Number of protein chains: 2
Amino acid sequence: MPTPRIRPSGRGRTDGPALSAAAILDAALEVAEREGPGALTVRRLGLELGVDPTAFYRHFRDKDELVLALGDRIIAMTLEKIEPVDDWRATLRSIAGAAYAMNRRYPAIASVTFARVTGGVAEREIVEMLLSTIARAGLPPAETVLYYRAIADATLSLTGQAAAFENLEPSLRAKDEAAWSQIYGALPEADYPAIRAHARELAEVRETQVFDAVITAVIDAIDARAAAYRAGGDEHD
Amino acid sequence: MPTPRIRPSGRGRTDGPALSAAAILDAALEVAEREGPGALTVRRLGLELGVDPTAFYRHFRDKDELVLALGDRIIAMTLEKIEPVDDWRATLRSIAGAAYAMNRRYPAIASVTFARVTGGVAEREIVEMLLSTIARAGLPPAETVLYYRAIADATLSLTGQAAAFENLEPSLRAKDEAAWSQIYGALPEADYPAIRAHARELAEVRETQVFDAVITAVIDAIDARAAAYRAGGDEHD
DNA sequence: ACCTGAACACCGTTCAAGT
DNA sequence: ACCTGAACACCGTTCAAGT
């Protein structure tokens, strides 16, 4: 059970501010991972840090600013996990995989940042890395950007979807999870032949397999376009 | 300006219940499209229908039940727009495109249902349609299901992402939108050469192009796998 | 049988007041 | 300069009371 950090009562003004943006970020990241999105409230953060809830507003303009800063922290942690290699395909896989893993570790944050631009330094770095990696495939600028967005948006949106699901109340999540066997496994074969023919497989696919399939499809698409350009730049499929 | 429907004051008991689940769904769909996610509250629905807010609970167990019913309504409207054709690729495109368009029309609902299983009749029908369409490509059951999920999750998650973005307060949306030209267009070329080399293209890509690129990539992946199986069922790349 | 309205336990945020 | 605490305008939901 977490005890709120009580600062020493003898603290004088020489100790500096009781609170800092960095301390709030640390607490927010920890409480979000530990207790989910319901705990990521301004009031709860105050409790966690042993200060009045509204002290928060001296360090962030509003909750959105906090959320974007947290999003950039997640990207920063993602960058630490990436292993750039010679092969651009393997590098793309590493970036997408690292982002997927980190966002799933912090679903409470991922579910609110997956449709946002953080504007932070980590975001700039990962965008630069993705763009320069895709550029190595040899596509013209417009297509490099199109497939950068395809990889980035597919990664962010699929992890956002997984995160939103994980953030559900346990009872709702269990209900949705059971639907594939409960509802879809019991449908009349006359009306739903394809569903019945695939009932077992439907209940068994894993979210990560789906993610891999989509990312692989996009990487293969880049490969195919690059091959077409190598065969002759005027071949627009 | 919408006037709340005031029922005639002379209404007697022969008129039946003042409220019905269908009337609530109609009002919710309309208010969600017209005014966005901030308006999709139990209190607001009561106002819109001219009844006490809590009358809602006589027709739905909780707000989640309403949200799932709305999600199924969107799927039902999507089904009406789909044109099944001979070519399974074109049919998949039609389904994905119709779902994308309908979810973007109701971002307030899409942003909360994109990670859910509605369990409704429309959902079953669209799952059956997708599965039977992909099965026509000639993949074994496990891969049919894998690519069904790839198409379905890519469609839902990308529209969920777009919906979440559209649901932002106008000021936040404008800030995020401007980031590509404001922040990413002004980064030092020494540190961010790839971003600077693609600045214009980054500001110009459209969300629908990205969606098309991802869906096309997945359909091409199905095609490639099907071709491999036609060439000899034992070829697992 | 159905609707009402007070109430509960929450949110994010503002602002005057304290030290 | 920084933190506090009352207050405002909201949420979803419960429950006893009305008709």
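Excluded from the calculations below are hydrogen atoms, water molecules and symmetry mates; all remaining heavy atoms, backbone and side chain alike, are included. Protein chains get the first letters and strands the later ones, always in sequence-line order, with residue 1 at the start of each. Fair warning: this is a prediction, and the values are worked out from it, not measured in the lab.
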**Item:** Strand DNA chain D as a dot-bracket string - pairs counted if Watson-Crick or G-U with both distances under 3.5 Å, | where the partner lies in another strand
**Value:** ||.|||||...|||||.||

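- Here dC3(C) is the nucleotide among dC3(C), dT13(D), dT13(C) with the atom lying nearest to any side-chain atom of Leu19(B).
- Between Phe114(A) and Phe114(B), the ring center distance clears the sub-6.0 Å criterion.
- Taking the side chain to side chain contact (heavy atoms under 4.5 Å, CB included) definition, one finds that Glu83(B) meets it with Ser94(B), sequence neighbours left out.
- Every residue two or more places apart in sequence or in another chain that forms a side chain to side chain contact (heavy atoms under 4.5 Å, CB included) with Glu177(A) is listed here: Phe165(A), Arg173(A).
- The minimum heavy-atom distance linking Leu40(A) with Ala32(A) is given by the pair CD1-CB, 4.1 Å.
- In this structure, Glu169(A) atom CD and dG12(D) atom P are separated by 13 Å, rounded to whole Å.
- In terms of phosphate contacts, His59(A) brings no side-chain nitrogen or oxygen within less than 4.0 Å of OP1 or OP2 of dC2(D).
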**Request:** I would like to know whether Lys175(A) and Asp64(B) meet salt bridge (charged side-chain N to carboxylate O under 4.0 Å, His left out); could you show each step before the answer?
**Result:** CA-CA 12 Å; Lys175(A) 193 186 67 177; Asp64(B) 191 68; 3.8 Å; yes

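- For residues 149-159 of chain B, the pairs satisfying side chain to side chain donor-acceptor pair (under 3.5 Å) are Ser157(A)-Ser157(B), Glu207(A)-Arg149(B), Arg149(B)-Asp153(B), with sequence neighbours left out.
- Spacing between atom CG of Leu47(B) and atom P of dA9(D) amounts to 16 Å, rounded to whole angstrom units.
- Between the C1' atom of dC2(D) and the CD1 atom of Ile24(A) lies a distance of 12 Å, rounded to the nearest Å.
- Here the side chain of Glu123(A) pairs a donor or acceptor atom with the backbone of Thr118(A) at under 3.5 angstrom.
- Separating the OH atom of Tyr57(A) from the P atom of dC11(C) is a distance of 12 Å, rounded to the nearest angstrom.
- Protein atom CZ of Phe56(B) is 7 Å distant from nucleotide atom P of dT13(D), rounded to whole Å.
- Comparing Asp62(B) and Arg58(A) against DNA chain D, the residue whose closest nucleotide sits nearer the 5' end is Arg58(A).
- Annotation: side chain to side chain contact (heavy atoms under 4.5 Å, CB included) contacts of Arg43(B) (sequence neighbours excluded): Thr41(B), Pro53(B).
- Atom P of nucleotide dT14(C) and atom NZ of Lys63(A) are separated by 14 Å, given to the nearest angstrom.
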Report all interatomic pairs (protein N or O, nucleotide N or O of nucleotides 5-7 of chain D) with separations under 3.5 Å.
residue, atom, partner, partner atom, Å
dG5(D), N7, Asp52(A), OD1, 3.0
dG5(D), N7, Asp52(A), OD2, 3.4
dG5(D), N7, Thr54(A), OG1, 3.4
dG5(D), O6, Thr54(A), OG1, 2.8

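- Taking atom CZ of Arg61(B) as the reference point, atom P of dT14(D) lies 11 Å away to the nearest angstrom.
- Distance CG/Leu49(A) to CZ/Arg44(A): 10.5 Å, rounded to 0.5 Å.
- What separates CG of Asp64(B) from C1' of dT13(D) is a distance of 14 Å, to the nearest Å.
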